[in-house]
Amino acid sequence: MSAPGNGPVLALVGATGAVGGVMIDIINGRESVPWGEIRLIASPRSAGKKLTVRGAELTVLALAPEVFDGVDVAMFDVPDAVSAEWAPIAAARGAIAVDNSGAFRMDPEVPLVVPEVNADAIAVRPKGIIANPNCTTLSMMAALGALHREFGLRELVVASYQAASGAGQEGIDRLHAEIEAVAGKQLGARAGDVREALEAAGLSVEDTPFTAPLAMNVVPWAGSLRDGGWSSEELKVRNESRKILGIPDLKVSATCVRVPVVTTHSLAVHAVFGSEVTVERAHEIFAAQPSIVLVDDPAKGSFPTPSDVVGGDPTYVGRVRQALDFPTALDFFVCGDNLRKGAALNTYEIAEELAVRG
């Protein structure tokens, strides 16, 4: 879509990055799009590259203030610092900036939006910026939002099982290298066996995005250290859930764990509500949501796993149980592709919602 047509103008900033590539796949996979023009934008070193969007070969433009002239919606799939600098510039040039970074998520003047949950929040955007939540929070938000509307959420205890791709391409490359280093080896039960295999392959066990070996292991840590021993990822789950759901006093406790999965985050959720809940009614609520796939028949071994979910748009929910001894609580397991709904797809759905609303 190189020539302007009838419809708003969409810009994709970070078009040549990992999430940008997923975003282009999403746009290409849509039956139709509302955009009269699509502009691809990236750093100067990527300018001039050719990418195909909806059958048209588009040239990537270098990030500069003037590329936002005439743009209606600008999606940002770039690091925090880049968004912090350039999203306000895009907004000043007349675009609505939809940002996938963490730069604006907790800004009180920037709505934090999941269209299935709080689409109306996009209407109030004093800075001309809308934020996309963290991929971990996003993976459970469609399910929680649907339950909250009926039962009134009061408390939330979450354990996340986060894929290596949550740490970016560096995380993906590191997991692949570790798997290759230990593949085919008859490793014993000694604590140092995996570390020795990695070191023998030239992989430092100190210089890793996961703080510990991830292959044949789980690491109870994601993010950076905050007060009280909490990680930044865990606090994001708390703070972002409160903001998206509009429950400022929601009680939240999260433990974030990195697992040896390339893509798709999973979460074990214990949700306490203001009224009694049943598995039967929860099944009905989940089944009625267009963006949720209910997979819940443990007797047949039917429940969501990352390998079943990766590459798809919906959130998958299963293992729905009435919490033992807690009549107002449900336990369930949820999986979502962290590069699609957890990042690119939700950002694009916000942009589409803006286009629909004019």
Side-chain angles (χ1 to χ4, degrees), residues 10 12-30 40-42 46 51-53 75-80 82-83 98-103 105 112-116 130-143 160-177 179 209-210 214 219 222-223 232-233 236-237 240 244 256-267 291-293 304-317 334-352:
L10 176 72
L12 171 54
V13 185
T16 58
V19 178
V22 175
M23 184 74 76
I24 291 173
D25 288 343
I26 290 169
I27 294 172
N28 287 337
R30 286 296 207 249
L40 304 182
I41 302 168
S46 296
L51 298 173
T52 300
V53 181
M75 302 185 300
F76 283 77
D77 289 311
V78 293
D80 291 13
V82 179
S83 285
V98 183
D99 181 41
N100 188 37
S101 82
R105 288 173 184 153
L112 185 65
V113 175
V114 179
E116 303 98 310
I130 299 169
N132 191 62
N134 175 267
C135 54
T136 310
T137 308
L138 255 174
S139 295
M140 64 177 176
M141 201 45 59
S160 71
Y161 307 93
Q162 297 179 215
S165 56
Q169 189 62 46
E170 180 188 11
I172 297 172
D173 293 344
R174 175 69 188 203
L175 178 57
H176 282 150
I179 291 173
F210 306 121
L214 191 59
V219 181
S232 57
E233 284 283 304
K236 287 176 186 177
V237 171
E240 293 179 16
I244 296 164
C256 291
V257 181
R258 193 75 70 179
V259 296
V261 170
V262 176
T263 303
T264 294
H265 288 351
S266 304
L267 299 97
S291 62
I292 292 177
V293 175
T305 69
S307 64
D308 301 318
V309 173
V310 65
D313 290 343
T315 296
Y316 285 67
V317 177
V334 58
C335 293
D337 186 317
N338 55 296
L339 297 182
R340 290 185 72 85
K341 181 58 178 176
L345 178 62
N346 197 75
T347 305
Y348 184 71
E349 287 174 337
I350 295 171
E352 278 192 328

Quick one: CD on E116 to CD on E349, what's the gap to the nearest 0.5 Å?
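Spacing of CD (E116) from CD (E349) equals 5.5 Å.
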Does the side chain to side chain contact (heavy atoms under 4.5 Å, CB included) test come out yes or no for Y348 and L10, once each step is laid out?
CA-CA 10 Å; Y348 184 71; L10 176 72; 4.1 Å; yes
State the CD1-CG distance between I130 and D99, to the nearest 0.5 angstrom.
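That separation rounds to 10.5 Å.
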Heavy-atom donor-acceptor pair, H265 side chain to A163 backbone, under 3.5 Å
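Yes; at least one donor-acceptor contact below 3.5 Å.
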For the side-chain contact (heavy atoms from CB on, under 4.5 Å) test, which of V13, V78, N132, I350 pairs with N100?
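With N100 as partner, side-chain contact (heavy atoms from CB on, under 4.5 Å) holds for just one option, N132.
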If the condition is side-chain hydrogen bond (donor to acceptor under 3.5 Å, both in side chains), which residues does Q169 pass it with, not counting sequence neighbours?
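Listed in chain order: D173.
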Say whether, by atom type as modelled, one donor and one acceptor occur between the side chain of N338 and the main chain of T264 under 3.5 angstrom.
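Checked: pair present.
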Using modelled atom types and a 3.5 Å cut-off, is there a donor and acceptor pairing between side-chain atoms of R258 and backbone atoms of Y161?
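The answer is no, because no donor-acceptor pair under 3.5 Å joins these two groups.
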Under 3.5 Å donor-acceptor, S101 side chain and A103 backbone
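Confirmed, S101 side chain pairs with A103 backbone.
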Within the 4.5 Å heavy-atom criterion, are P260 and L175 side-chain neighbours or not?
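Sidechains of L175 and P260: in contact.
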Those residues that, when tested against A42, pass side chain to side chain contact (heavy atoms under 4.5 Å, CB included) (two or more places apart)
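Counting only residues at least two positions away or on another chain, A42 forms a side chain to side chain contact (heavy atoms under 4.5 Å, CB included) with T16, S46, V60.
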Can you name the closest pair of heavy atoms from M75 and A351 and give their distance?
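Where M75 meets A351 most closely, the heavy atoms are SD-CB, 3.9 Å.
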How close do A15 and L51 get, heavy atom to heavy atom, and via which atoms?
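For A15 versus L51, the nearest heavy atoms are O-CD1, 4.0 Å.
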I need the K236 NZ to R105 CZ distance, nearest 0.5 Å.
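One gets 5.5 Å once the value is rounded to the nearest 0.5 Å.
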Name every donor-acceptor pair, under 3.5 Å, that has one atom in a side chain of residues 308-317 and the other anywhere in the protein, sequence neighbours excluded.
residue	atom	partner	partner atom	Å
D308	OD2	T305	OG1	2.7
D313	OD1	R340	NE	2.7
D313	OD1	R340	NH2	2.9

Using a 3.5 Å distance criterion without hydrogens, assess whether the side chain of S165 forms a donor-acceptor pair with backbone atoms of V262.
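Checked: pair present.
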Identify the heavy atoms of A164 and F210 that sit nearest to each other, and give their distance.
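Residues A164 and F210, closest heavy atoms: CB-CZ, 3.8 Å.
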Could you state the interatomic distance from CG (L345) to CG (D337), rounded to the nearest 0.5 Å?
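If I round to the nearest 0.5 Å, the distance is 9.5 Å.
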Measure across S160 and T136 and return the closest heavy-atom pair with its distance rounded to 0.1 Å.
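Shortest heavy-atom separation between S160 and T136 comes out as CB-CG2, 3.8 Å.
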If every non-hydrogen atom of S266 is compared with every non-hydrogen atom of C335, which pair is closest and at what distance?
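Here S266 and C335 meet closest at OG-SG, 3.2 Å.
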Spacing of SG belonging to C256 relative to CG belonging to L267, to within rounding of 0.5 Å
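Rounded to the nearest 0.5 Å, the SG-CG separation comes out at 8.0 Å.
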Calculate, to the nearest 0.5 Å, the distance between atoms CD and CG belonging to Q162 and N134 respectively.
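Separation between the atoms: 7.0 Å.
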Where do I244 and P133 come nearest, in terms of heavy atoms and distance?
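Nearest pair, atom of I244 first, then P133: CD1-CG, 3.5 Å.
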D80 side-chain N/O to G102 backbone N/O, donor-acceptor pair under 3.5 Å:
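Flag set: sc D80 to bb G102 pair under 3.5 Å.
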